[in-house]
Amino acid sequence: HDAKHGSGFSFVDLAADRAGVQFGKTATQSKQKALRFQKNMAAIQNYQAFMPNIEQLPENISRQEFTKRYSSFYSKAYKDQLQTIDSRISTCKIYQNL
């Protein structure tokens, strides 16, 4: 929607969305994991413990620019950006030692 009518497509927004999904999956995966996850959350110092680094993630990309750079949501370039985001999420402190 943003690419067509708003501020443009944002991998930063997508990173936040994917981080939220991972957070929910992890928190509800099992009772044991949920308890460890709650302990990890209680000890965090800032949002960087559960939000990935967003540096150099493209944002405010117009529809035309998105098509030029990524062709579609199925392209290798787009999937590579998703892999970068998911990799950054997996290194967040909250997901360590579960």
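All values below come from the heavy atoms of this structure, side chains included, with hydrogens, waters and symmetry mates left out. All values derive from a computational prediction rather than experimental measurement.
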Enter the distance from Q32:CD to R36:CZ here, rounded to the nearest 0.5 Å. 6.0 Å
Restricting to side-chain contact (heavy atoms from CB on, under 4.5 Å), what partner residues turn up for S71, sequence neighbours left out? S75
Side chain proximity check, I89 to F23, heavy atoms < 4.5 angstrom: no
Restricting to salt bridge (charged side-chain N to carboxylate O under 4.0 Å, His left out), what partner residues turn up for K76, sequence neighbours left out? D80
Using the rule that Ile, Leu, Val, Met, Phe, Trp and Tyr join whenever any side-chain heavy atoms are under 4.5 Å apart, tell me whether V21 and F37 fall into a single cluster. no
Using modelled atom types and a 3.5 Å cut-off, is there a donor and acceptor pairing between side-chain atoms of Q96 and backbone atoms of C92? yes
Would you list the atom pairs, donor with acceptor, under 3.5 Å between side chains in residues 44-59 and any protein atom, with sequence neighbours excluded?
residue: Q45; atom: NE2; partner: A43; partner atom: O; Å: 3.4
residue: N46; atom: OD1; partner: Q48; partner atom: N; Å: 2.8
residue: N53; atom: OD1; partner: E55; partner atom: N; Å: 2.7

My understanding is that only residues two or more places apart in sequence, or in another chain, count here; which of them pass salt bridge (charged side-chain N to carboxylate O under 4.0 Å, His left out) with D17? none
Do Y78 and Y74 share a hydrophobic cluster, counting only Ile, Leu, Val, Met, Phe, Trp and Tyr and linking them when any side-chain heavy atoms are less than 4.5 Å apart? no
Is a donor on one side and an acceptor on the other found under 3.5 Å between the side chain of N60 and the backbone of G8? no
Students often mix this up, so state it plainly: with edges at 30° and 60°, are the rings of F9 and F11 parallel, tilted or perpendicular? perpendicular
Partners passing side-chain hydrogen bond (donor to acceptor under 3.5 Å, both in side chains) against Q83 (at least two apart in sequence or in another chain): none
Mind jotting down which residue pairs meet the side chain to side chain donor-acceptor pair (under 3.5 Å) criterion with at least one end in residues 84-93? Sequence neighbours excluded, please. R18-D86
When rounded to the nearest 0.5 angstrom, what distance separates OH in Y95 from NZ in K33? 10.5 Å
Less than 4.5 Å apart, side chain to side chain, heavy atoms only: is that true for Y70 and Q81? yes
